[in-house]
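Note that the structure is predicted; figures quoted are calculated from it, not measured.
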Protein chains: 2
Amino acid sequence: MKEGPDISHLAALIGDPARANMLTALMSGQALTARELAMEAGITPQTASSHLKKLQEGRLIALRQQGRHRYFALAGPEVSAVLESLMGLAGGMGQRRSRVGPKDASLRHARVCYNHLAGQRGVQMYDSLLRQDMLVLTPNGITVSPAGEAFVSALGVDLAGLRTARPLCRDCLDWSERRSHLGGALGRALLAQMEAKGWARRSKDSRAIVFTSEGKRQFDRAFPPQGLT
Amino acid sequence: MKEGPDISHLAALIGDPARANMLTALMSGQALTARELAMEAGITPQTASSHLKKLQEGRLIALRQQGRHRYFALAGPEVSAVLESLMGLAGGMGQRRSRVGPKDASLRHARVCYNHLAGQRGVQMYDSLLRQDMLVLTPNGITVSPAGEAFVSALGVDLAGLRTARPLCRDCLDWSERRSHLGGALGRALLAQMEAKGWARRSKDSRAIVFTSEGKRQFDRAFPPQGLT
DNA sequence: GCAATGCTTCGATACGGATCGAAGCATTTG
DNA sequence: CAAATGCTTCGATCCGTATCGAAGCATTGC
């Protein structure tokens, strides 16, 4: 009895350490060259080439060629969601990981997930927006209230420009917090604004997002944690 | 750069066809013996034994021994969720599957997902409950309204008995519908009631759930599709 | 135009892991 | 108690796949 989609092939694609590392690196939402991905995975370019071919054929990544540079990115947020899902379960076995390094803490605190904010900060933001009724959960998805529209516009988000993007808001399950953070076009726009305002920046060699002192203050003011409303 | 939990090991566990088939078989929420799982995967008992050992060590399945029979079940709903997530992505590559058989249609229509109802029927039920404000989405999860409590009690669900179960309601992303259906203790109780009332039964050799004509009528009456409110 | 660089393809190698027959242990049944 | 049954372990085999050096092709920069 083989029922439903064939998950073994898909899982096997992710199940190679080199490929898993490359996919993880692409979760930041940025496109990386074949060479960069080879270095991420600690393998030669020729090995990376054959791996990337497999991921491409499996539709996990997409290619954009610029001259001799070949940029690969995740094929879409659905891929990122599956990877987060796997991380959530694998994280539950975290006791089995030989070393919980400082990087894990910074990832849990704030990290980029397909261009939007994840981790404790990501969940804090989402919760706050919901609590203040700026975002509203409906059976058809998440909508932005009029107050929410005014709020994010005041933060510098060009909502009209985002309207064409679907979905505007997407509920993205956070592997470290086991709760949702905000994905979708609005989630991406909000992170971009934080970067533009200098509240936070992306780490150079990690998916972690680092907030400045001022950025933390501004963030907490904009998205107050529970109990500070 | 190796960030976050190690997903490759977990994915590799799922990435073997035999193991994937066994995990899929366990998604019904029932426990199966080692022999039954061997037959599910089309391998010998000795091969199954070594596979099951790996899944056990990987904490994807849990063992309950009864004499010489060893019953294995999924370790929890988190595992089921990951499998559904993989199915969703793999299903998006459905064009690549060599044969879309009649079974896929029946699975899409109604199937069991870790003991609760999934597929079109599952999503219909969830949407209906939300639309009628019997379930309410809150930032802290899904709650049952007073009207919802009365409703499910009238259906025969012993809510008091479920109160100790956590979570009572859980939003479970449906791979075939790309929307959520209702998991958690209430989701399981509702499916059990449908079975008890004879509205529907589980297929013998599949995760598909088959509704009787009367069951369809009763189901649509209890959980009217959009437009029939 | 040539050298440097990025990337893919080819071919060979080595390793890991799925597989099953045989054997052994535990439980159940008559 | 003996036979049947369920399951695990052992050992051998074979296949698939990741890997990298070498070679080739395409692009870029001087």
_Ring-face cation contact, F72(A) with R64(A), 6.0 Å cut, 45° max_ =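 So R64(A) doesn't make the cation-pi contact.
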*Should the pair R188(B) and Y114(B) be classed as cation-pi, given the thresholds of under 6.0 Å to the six-membered ring centre and 45° from the axis?*
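That pair does not qualify as a cation-pi contact.
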*Does Y71(A) reach the side chain of L32(A), with side-chain heavy atoms less than 4.5 Å apart?*
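Sidechains of L32(A) and Y71(A): no contact.
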*D127(A) bridged to R179(A) by N-O distance under 4.0 Å*: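 R179(A) and D127(A): salt-bridged.
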*Using a strict cut-off of less than 4.0 Å between a Lys/Arg side-chain nitrogen and an Asp/Glu carboxylate oxygen, indicate whether E195(A) and R202(A) qualify as a salt bridge.*
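A salt bridge is present here (some side-chain N lies under 4.0 Å from a carboxylate O).
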Counting side-chain heavy atoms from CB outward, which of [options] is closest to [X]?
X: R35(A); options: dA18(C), dT8(D), dC7(C); result: dC7(C)
X: S50(B); options: dC7(C), dT19(C), dC20(C); result: dT19(C)
X: Q46(B); options: dA18(C), dA22(D), dG21(C); result: dG21(C)
X: K53(B); options: dA18(C), dT9(D), dT9(C); result: dT9(D)
X: S49(B); options: dT8(C), dA18(D), dT9(D); result: dT9(D)
X: T47(A); options: dT19(C), dC20(D), dC7(C); result: dC20(D)

_Does dT8(C) have its OP1 or OP2 closer than 4.0 Å to a side-chain nitrogen or oxygen of R70(A)?_
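Yes.
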*For DNA chain D, whose closest nucleotide is more 5', that of G42(A) or that of Q65(A)?*
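Closer to the 5' end of DNA chain D: G42(A).
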Distances under 3.5 Å only, N/O to N/O: pair up the protein atoms with those of nucleotides 28-30 of chain D.
none

*Inter-end axis angle, the helix from dG1(C)-dC30(D) to dG30(C)-dC1(D), with every axis fitted to five base pairs (rounded, 10 degrees)*: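 What I find for the helix from dG1(C)-dC30(D) to dG30(C)-dC1(D) is an axis angle of 30°.
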*May I have the step-by-step check of side chain to side chain donor-acceptor pair (under 3.5 Å) for S28(A) and R111(A), ending in yes or no?*
CA-CA 8 Å; S28(A) 68; R111(A) 71 183 180 271; over 6 Å; no
*Which one of R108(A), H181(A), Q120(A) satisfies the side-chain hydrogen bond (donor to acceptor under 3.5 Å, both in side chains) criterion with D174(A)?*
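Single side-chain hydrogen bond (donor to acceptor under 3.5 Å, both in side chains) partner of D174(A) among R108(A), H181(A), Q120(A): H181(A).
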*Distance only, no hydrogens: is a donor on one side chain within 3.5 Å (strictly under) of an acceptor on the other, for S49(A) and Q46(A)?*
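Side chains of S49(A) and Q46(A): no pair found under 3.5 Å.
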*Could you tell me whether the side chains of H51(B) and R19(B) share a donor-acceptor contact shorter than 3.5 Å?*
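Judged by distance alone, the side chains do pair up.
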